[in-house]
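See structure below.
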Amino acid sequence: MKKSIIALLALLLSAAAPSVNAMENQRSNPFMVDYPDPMNIPPFESITTADYMEAFDAGIEQYRKEVKAIADNKAKPTFDNTILALEQSGRLLNRVMYVFSSLNETDNTPEMDALAAKIMPAYSACMGEVSMNDKLFKRVKKLYDTRDQLNLSPAQKRDIEETYKSFTLNGALLNKADKKRLKELNTTLADLYIKFNQNLLNATNDFVIFVGDSTMLAGLPAASVAIAAEEAASRGKSGKWAFTLHAPSRLPLLQYADSRELRRRMYEGYTSLAFSGKYDNQPVVKEILAARAEKARLLGFPTFGAYMTSNVMAKTPEAARELLMQIWEPAIQRVNEEVAEMQALADAEDAGIIIKPWDYYYYAEKVRRHKYNLDEDEVRAYFPLENVRKGIFNMAERLYGVTFTELPDAPKYNPEVKVYEVKDADGNHVAVFMTDYFPRASKRQGAWMSEFQGAFVDPDGTSQRPIVYNVGNFTRPTAETPALLTLDEVETMFHEFGHGLHGMLTKATLRSQAGTNVDRDFVELPSQIHEHWALEPELLKTYAFHYKTGEVIPDSLVEKLIAASTHNQGFTTTELVGAALLDLAYGDLTEGNTNIDIPTFEAKVAADLKKPSQVEYRYRTPYFRHVFGSDGYASGYYTYLWAEVLDSDGFELFKERGIFDPATAASFKANVLEMGGSADPMELYIKFRGRKPDVGALLRNRGLAK
């Protein structure tokens with residue numbers, strides 16, 4: 001992930017425990033004393049809501065003093081007394097923010113929301129102060145200007161260059177008045193992101209479709225019906241079925257429900273999410289766009305998109321758009337073919353319809369069954385979640401020599417969390433890994449990886465290994481069956497585990513370069529490349545067992561899965577590329593031109609692209625959390641496809657040499673997973689692959705080219 005001053009000094013949440021004396025009362029704040037767990041896992045069960053604010057306030061004060069000491073240092077600037085000192089500062093603040101920000105997304109409560117409204121703007125303001133500290137920047141600039149004469153390691157030199165760049169991108173070169181305005185904008189944006197996310201969570205939880213007529217459930221898998229019955233009962237509607245916008249509920253309904261009316265209601269409920277009512281995110285988005293455009297202009301960029309892409313592999317929005325358009329044309333051509341196939345099938349069944357967006361999932365599945373004789377219920381029976389978990393662990397052991405041992409008594413933030421110790425082939429501790437896979441009202445949608453603690457090795461030998469976690473919203477078990485995953489959920493589990501491996505296996509010594517602290521358009525390479533193993537027969541045979549019979553997945557079914565692996569890729573690719581191009585279009589807006597009508601803007605982008613009417617953007621604006629829930633993927637949603645060029649090209653090397661070839665795996669581990677952000681990402685890729693990536697690999701992988 002791209003390092004900025006905020007990321008450098010706020011997301012390096014991996015420092016050792018702060019040396020703060022225990023409070024002299026009956027109970028000590030858990031953040032302000034050593035964690036009791038030998039692996040430094042936070043004592044979640046001991047943390048109260050009040051602890052966050054107390055530790056945050058103390059951490060802010062401590063951090064400001066540390067930064068002041070670095071800035072006021074009379075000694076000549078050196079890497080150790082300036083850059084390394086910055087990396088080692090803010091330990092208490094980082095510690096509490098790691099836990100707070102993580103649990104605010106996984107175990108959210110109204111009390112956490114109220115705290116976030118206080119903590120996040122104050123946090124943003126503090127980071128802004130650091131990024132605009134003139135004395136501190138003077139020291140960084142001195143090191144930057146003389147970096148070639150300082151006898152630095154490549155990682156240290158890169159750290160200085162990235163730190164200097166981060167300062168300048170965060171306002172260090174602005175005059176006093178502009179710095180003041182930039183601080184105000186950053187605080188405004190922090191507030192708006194909180195509001196956007198709260199609206200989205202509330203709007204998602206607010207939507208439900210109750211079904212009282214069992215005939216409307218025709219076509220749905222038994223597991224989906226059982227989950228819907230349990231959901232209704234939990235809402236006091238026993239005897240009915242409840243469907244929500246969470247993916248394990250929404251997607252099976254769209255894919256299998258014979259009731260076209262039910263599909264339409266679900267589709268329109270999802271695509272109008274947070275578009276109106278008390279949770280309307282449209283006004284919030286317009287305020288975000290205005291603040292971003294002004295921020296970009298203050299920092300000397302014509303647009304926010306130019307600002308965001310200047311610090312990643314793509315360098316410009318135009319380069320990102322050029323890549324996307326190479327994928328767009330083959331994708332929409334395939335959509336036209338897919339729609340024609342679906343319409344022919346609907347006509348053959350005398351359905352008397354014209355294919356609409358709420359029909360796409362349903363008829364795409366019918367075409368898949370017709371062409372490949374695949375039944376989703378049959379497929380899911382071989383993918384109980386625990387089997388898939390064993391599969392990802394087996395993959396990691398065979399590729400990288402690491403093992404996973406469950407720690408049932410370890411601290412956890414929710415009873416559904418599982419905790420593992422990760423060791424290398426010699427039995428040495430590598431990391432702690434946590435999983436949290438099922439949806440709940442307190443958890444935001446989607447799947448992601450993050451950390452409670454990062455990694456580093458200080459010059460004095462002090463070191464720390466990471467605590468990494470994966471979060472998902474996968475299909476829950478029922479009273480009759482274990483959690484049986486869809487193919488999409490299986491691939492998502494492998495994807496997030498790939499991010500986890502990036503965090504766990506890091507050997508970068510500097511906090512700011514460890515694990516996933518890499519360019520945004522490089523961070524998806526480790527996650528996406530590991531998706532390829534999910535359906536490889538050599539691995540499938542080790543984890544895909546029928547949940548009832550224990551039978552290994554038969555060759556005939558594996559062959560069908562592989563044959564169908566590129567089915568519907570026109571739709572999948574078009575909705576993804578369309579969302580990425582919509583994101584870039586928002587990034588092109590200039591100051592004074594952001595007060596737009598959002599549906600009209602979306603429609604114009606679609607018309608300019610000649611987007612097929614049957615395919616919606618993967619995320620429409622009011623629920624496009626990647627782009628408007630934070631700065632994270634703003635003008636950067638394209639990075640999934642940028643990284644897919646890398647992962648498709650890289651996996652072709654594994655296919656050539658063997659998917660578990662020791663030398664290829666060792667090269668990927670050494671040049672990508674272990675290096676983090678300590679070197680230029682393209683240089684790292686070339687060291688692994690032997691050349692630059694080929695965009696054709698993505699088209700071949702998606703079946704859009706030979």
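All figures in this text were calculated on a predicted structure; none of them were measured in a lab.
- No more than 12 heavy atoms of other residues, nucleotides or ligands sit less than 6.0 Å from atom NZ of Lys195.
- Here the straight-line distance linking atom CG of Leu584 with atom CE of Met308 works out to 11.0 Å at 0.5 Å rounding.
- In Glu184, the CD atom is crowded: over 12 heavy atoms of neighbouring residues, nucleotides or ligands sit closer than 6.0 Å.
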Query raised in the report: Would Arg440 and Asp107 satisfy salt bridge (charged side-chain N to carboxylate O under 4.0 Å, His left out), going step by step from the backbone distance to the final call?
Result: CA-CA 9 Å; Arg440 52 182 176 267; Asp107 255 1; 2.9 Å; yes
**Report entry** Leu576/Thr573 under side-chain contact (heavy atoms from CB on, under 4.5 Å): CA gap, chis, key distance, verdict
**Finding:** CA-CA 5 Å; Leu576 174 58; Thr573 308; 5.8 Å; no
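- Taking CD from Glu318 and CG from Asp588, the interatomic distance works out to 7.0 Å, rounded to the nearest 0.5 Å.
- Salt bridge absent: Arg297 and Asp178 never bring a charged side-chain N and a carboxylate O closer than 4.0 Å.
- Taking the charged nitrogens against the carboxylate oxygens, Asp631 and Arg292 do have a contact shorter than 4.0 Å, which makes a salt bridge.
- In this structure, the side chain of Ser131 engages the main chain of Gly128 through a donor-acceptor pair within 3.5 Å.
- Between the side chain of Lys165 and the backbone N or O of Leu169, no donor-acceptor pair lies under 3.5 Å.
- Ring to ring, Phe474 and Phe438 are not that close: their centroids are 6.0 angstrom or more apart.
- No donor-acceptor pair closer than 3.5 Å links the side chain of Arg702 to the backbone N or O of Ile327.
- Taking the six-membered ring for Trp, Phe304 and Tyr307 have ring centres closer than 6.0 Å.
- When side chains are defined from C-beta on, Leu289 counts as touching Tyr586, because their heavy atoms get closer than 4.5 Å.
- Side-chain contact check for Thr572 versus Arg618: some heavy-atom pair is nearer than 4.5 Å.
- Residue Lys315 places its NZ atom among more than 12 non-hydrogen atoms of other residues, nucleotides or ligands, all under 6.0 Å distant.
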Query raised in the report: Between Met504 and Phe497, does a side-chain contact (heavy atoms from CB on, under 4.5 Å) hold up when you go through it step by step?
Result: CA-CA 10 Å; Met504 290 185 277; Phe497 186 65; 4.1 Å; yes
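- Using a 4.5 Å heavy-atom cutoff, the side chains of Met132 and Lys183 are in contact.
- Not one N or O on the side chain of Asp694 forms a donor-acceptor pair closer than 3.5 Å with the backbone of Asp649.
- Here Glu105 contributes atom CD and Arg444 contributes atom CZ; the two are 4.0 Å apart, rounded to the nearest 0.5 Å.
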Query raised in the report: Can you check side chain to side chain donor-acceptor pair (under 3.5 Å) on Glu338 and His567, steps first, answer last?
Result: CA-CA 9 Å; Glu338 290 170 358; His567 173 67; over 6 Å; no
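- Judged by the 6.0 Å and 45° rule, Arg250 forms no cation-pi pair with Phe243.
- Of the N and O atoms on the side chains of Ser512 and Glu162, not one donor lies less than 3.5 Å from an acceptor on the other residue.
- Glu491 places no side-chain N or O within 3.5 Å of a backbone atom of Glu531 that could act as its donor or acceptor partner.
- Between Tyr623 and Thr271, the closest side-chain pair of non-hydrogen atoms falls below 4.5 Å.
- A cation-pi arrangement is absent between Arg625 and Phe196 under the rule of less than 6.0 angstrom and at most 45 degrees off the ring axis.
- Within a 6.0 Å radius of CD in Gln333, other residues, nucleotides and ligands contribute 12 heavy atoms or fewer.
- Tyr633 and Tyr640 have their aromatic ring centers within a separation under 6.0 angstrom.
- Atoms CG and CG, from Asn186 and Asp191 in turn, are 11.0 Å apart once rounded to the nearest 0.5 Å.
- Counting heavy atoms from C-beta outward, Phe601 and Leu589 have side chains that approach closer than 4.5 Å.
- Taking the centre of each ring, Phe433 and Tyr469 stay at or above the 6.0 Å mark.
- Each of Asn414, Asp436, Asn473 was compared with Lys443 under the side-chain hydrogen bond (donor to acceptor under 3.5 Å, both in side chains) criterion, and only Asp436 meets it.
- With a 4.5 Å cut-off on side-chain heavy atoms, Gln453 and Arg95 do not count as touching.
- With ring centers used as reference points, Tyr361 lies 6.0 Å or more from Tyr267.
- Between Phe624 and Tyr637, the ring centre distance stays below 6.0 Å.
- In terms of modelled atom types and a separation under 3.5 Å, the side chain of His502 and the main chain of Gly498 share no donor-acceptor contact.
- Glu602 places a side-chain heavy atom less than 4.5 Å from the side chain of Tyr617.
- A side-chain hydrogen bond (donor to acceptor under 3.5 Å, both in side chains) with Tyr638 holds for exactly one of Asp521, Thr309, Asp583; it is Asp521.
- Rounded to the nearest 0.5 Å, atoms OH (Tyr270) and CZ (Arg620) are 11.5 Å apart.
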**Report entry** Residue pair Glu268, Arg264: steps toward the salt bridge (charged side-chain N to carboxylate O under 4.0 Å, His left out) verdict
**Finding:** CA-CA 6 Å; Glu268 291 181 348; Arg264 183 193 62 78; 2.5 Å; yes
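- Checked by atom type and distance alone, the side chain of Thr316 pairs as donor or acceptor with a backbone atom of Ala319 at under 3.5 Å.
- A heavy-atom distance below 4.5 Å is found between the side chains of Asn104 and Asp113.
- Counting only distance, with no hydrogens or angles, the side chain of Asn170 and the backbone of Phe167 share no donor-acceptor pair below 3.5 Å.
- Checking Gln528 against Asp647 by side-chain atom types alone, a donor-acceptor pair falls below 3.5 Å.
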Requested in this report: Output, in order, the C-alpha distance, side-chain angles, deciding distance and verdict of side-chain contact (heavy atoms from CB on, under 4.5 Å) for Ile467 and Met434.
Outcome: CA-CA 8 Å; Ile467 300 173; Met434 301 182 181; 4.0 Å; yes
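- Side chain of Arg158 to backbone of Ser678: no donor-acceptor contact under 3.5 angstrom is found.
- A centroid separation of less than 6.0 Å is found between the aromatic rings of Tyr619 and His626.
- Checked by atom type, the side-chain pair Thr492/Glu489 shows no donor-acceptor distance below 3.5 Å.
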Requested in this report: Determine, step by step, whether Asn205 and Leu201 satisfy the side-chain contact (heavy atoms from CB on, under 4.5 Å) criterion, reporting the C-alpha distance in whole Å, the side-chain angles of both residues, the deciding distance to 0.1 Å, and the verdict.
Outcome: CA-CA 6 Å; Asn205 289 333; Leu201 179 63; 3.7 Å; yes
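- In terms of modelled atom types and a separation under 3.5 Å, the side chain of Ser648 and the main chain of Val645 share no donor-acceptor contact.
- Between the CG atom of Leu273 and the OG1 atom of Thr204 there is a distance of 4.5 Å, given to the nearest 0.5 Å.
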Query raised in the report: Glu524 and Ser527: side chain to side chain donor-acceptor pair (under 3.5 Å), yes or no, with the steps?
Result: CA-CA 5 Å; Glu524 297 297 335; Ser527 58; 2.9 Å; yes
